[in-house]
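Quantities reported herein were computed from a predicted structural model and do not represent experimental measurements. Read the numbers this way: they start at 1 and go in the same order the structure lists the ligands and their atoms.
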Amino acid sequence: MITSVAVIGAGISGLTAGYAIRKKGIAVDVYERSHSISEFGAGITLSKNATSLLDNIGLLSGIAKNAYHPMKSYVREYKSAREIASVELDESFISLDRRDLIDTLAMSFKSAGGNLNLDHEINYVNASTGDLSIKDRTKNYDLILICDGIKSGLRGQIYDNLEPKFTGYVAWRGMVRADDLPKFQGSDKANVYYGPGGHIVHYPTGRDDYINFVAIESKSSWHEESWRTEGEARDLLSKFANWNEGLVHMMASANKVYKWGIFQRSLPQKLFMGRSVLLGDAAHPMVPFLGQGACMAIEDGYALAEIIEGCDDITLALEDFNKLRKNRSNWIQKRSLLQGRFNHVSAPSIMSLRNLITKAVLKRSVSGLHSYELDRELKAIRKR
Ligand SMILES: Cc1cc2nc3c(=O)[nH]c(=O)nc-3n(C[C@H](O)[C@H](O)[C@H](O)COP(=O)(O)OP(=O)(O)OC[C@H]3O[C@@H](n4cnc5c(N)ncnc54)[C@H](O)[C@@H]3O)c2cc1C
């Protein structure tokens, strides 16, 4: 039986997993290197495949309180903003400020009796014994969850030396007020604009009337030291200067813009080693073009809690986790990359073809992505 779990990293994967496991009556210590759980203010969308799981563990109502329900998503042409295709969404699709998501996860974890240790950077894990080096002492756990994000140093130490690679995409992000939205019908919903060599997304966050936008450009290299830096608005605007006027005005209204180099790291051979297991971006960081990175992190945490509940053999349980999560996250990682290529074609004839394909397949592809039922897969595992 697993009675004690350590979680390294208090991001979306670590806190979801920590909470879901704690709810099973298992003692959980989360270690986070930052002084505070202060997420960067930016938006995030969560789809049904993840929100249905949050609902099952009693977290959705708290999270959705601060969220927005766009109810519809439009794909538009970059210059005219003409609708190429649209899809109705239901209440299960939410957009929100990441700070609200992280705050609710952290508060719920603590209320459930979880132990959150801030200012605790973990640099050594003994995966065979379950020993964790914490400042000047060692503590032993039945299971250690490595949730330290895309740059995971512990993954490098225990699993493989695959370095994250720059994908050729740079994301610009900013927040504006609803008054700054382009003035056409539906601009207050979730919107994606396909252009030549780039795409732009915007949606409300539910926090006051803030709108989050992300503009993605293709770039051959990333020279900045950090993966996220404050960017120059004029650089952003010059990249997208010939896009829709309303869209350009919206981006120009942001007080600050940030830019991210988008990196990816292939999955390791196995998601577990000894008494350690990888979750979230530490296991499968992906380009954000399907809005699924955090959703995968939530699926991971939920799945692991269900699989280890009452298990007698940790290795068998982790084998099940690996089987279930490796194929799924590998597939979503690859599909996300493909979506980037699709979104960024630039020859006019191919752009027209892309728009026709989008019109034909958008509803089916969104529904296929959002309707994945992890619980059904878990039931199949339990039957074996
Ligand atoms: C531009 C952009 C837009 C996105 N939009 C969406 C979206 O709309 N929907 C969606 O589903 N996903 C989206 N994603 C992806 C999503 O943000 C990530 O997949 C998700 O945040 C991963 O969570 P995580 O907990 O695995 O990692 P992280 O959020 O990176 O958390 C890791 C945590 O570990 C801590 N840590 C690191 N090292 C140590 C250590 N040694 N000891 C202790 N603590 C440590 C860090 O401080 C951090 O708190 C987007 C990503 C980007 C870049």
Side chains of Asn49 and Gln292: do they bring a donor and an acceptor to under 3.5 Å?
yes

Could you tell me whether the side chain of Thr45 reaches within less than 4.5 Å of the side chain of Asn212, counting heavy atoms only?
no

Verify the cluster assignment for Leu60 and Tyr68: are they in a single hydrophobic cluster under the rule of side-chain heavy atoms below 4.5 Å apart?
no

Winner among Glu121, Arg98, Met296, Arg33 once heavy atoms are compared against atom 21 (O) of ligand 1:
Arg98

Ligand-side contact atoms (ligand 1) for residue partner Ser34, heavy atom cut-off under 4.0 Å:
47 (O)

Nearest heavy atom to atom 24 (P) of ligand 1: which of Gly11, Ser13, Gly280 does it belong to?
Ser13

What atoms in ligand 1 come closer than 4.0 Å to a heavy atom of Tyr31?
43 (C), 44 (N)

Any idea which heavy atoms bring Val257 and Glu232 closest together, and the distance?
CG2-C, 4.0 Å

Using the six-membered ring wherever Trp is involved, compare the ring planes of Tyr31 and Tyr141 and label them parallel, tilted or perpendicular (cut-offs 30° and 60°).
perpendicular

Counting heavy atoms only, which part of Cys147 comes closer than 4.0 Å to ligand 1: side chain, backbone, both or neither?
backbone

For atom 26 (O) of ligand 1, which candidate among Ile298, Leu154, Asn123, Asp281 provides the closest heavy atom?
Asp281

If you measure every N/O of Cys295 against every N/O of ligand 1, is any gap under 3.5 Å?
yes

Do you see a donor-acceptor pair shorter than 3.5 Å between the side chains of Ser336 and Gln264?
no

Less than 4.5 Å apart, side chain to side chain, heavy atoms only: is that true for Lys334 and Met286?
no

Option with minimal heavy-atom separation from atom 37 (C) of ligand 1, where the choices are Asp148, Val214, Asp119, Asn117:
Asp148

Going by the closest heavy atom to atom 5 (N) of ligand 1, which one wins out of Gln292, Lys259, Arg173, His120?
Arg173

Would the distance check show the side chain of Asn343 and the main-chain N or O of Tyr194 forming a donor-acceptor pair, the cut-off being under 3.5 Å?
no

Checking contacts here: is it the side chain or the backbone of Ala294 that comes within 4.0 Å of ligand 1, counting heavy atoms only? Could be both or neither.
both

For Gly293, counting its heavy atoms only, list the atoms of ligand 1 lying under 4.0 Å from any of them.
10 (C), 11 (O), 12 (N), 15 (C), 19 (O)

If you measure from atom 28 (P) of ligand 1 to every heavy atom of Gly149, Gly9, Gly291, which option wins on shortest distance?
Gly149

Under 4.0 Å to a heavy atom of Ile12 - the qualifying atoms of ligand 1, by number
21 (O), 25 (O)

Check whether the side chains of His284 and Asp300 place a donor and an acceptor atom closer than 3.5 Å, and report yes or no.
yes

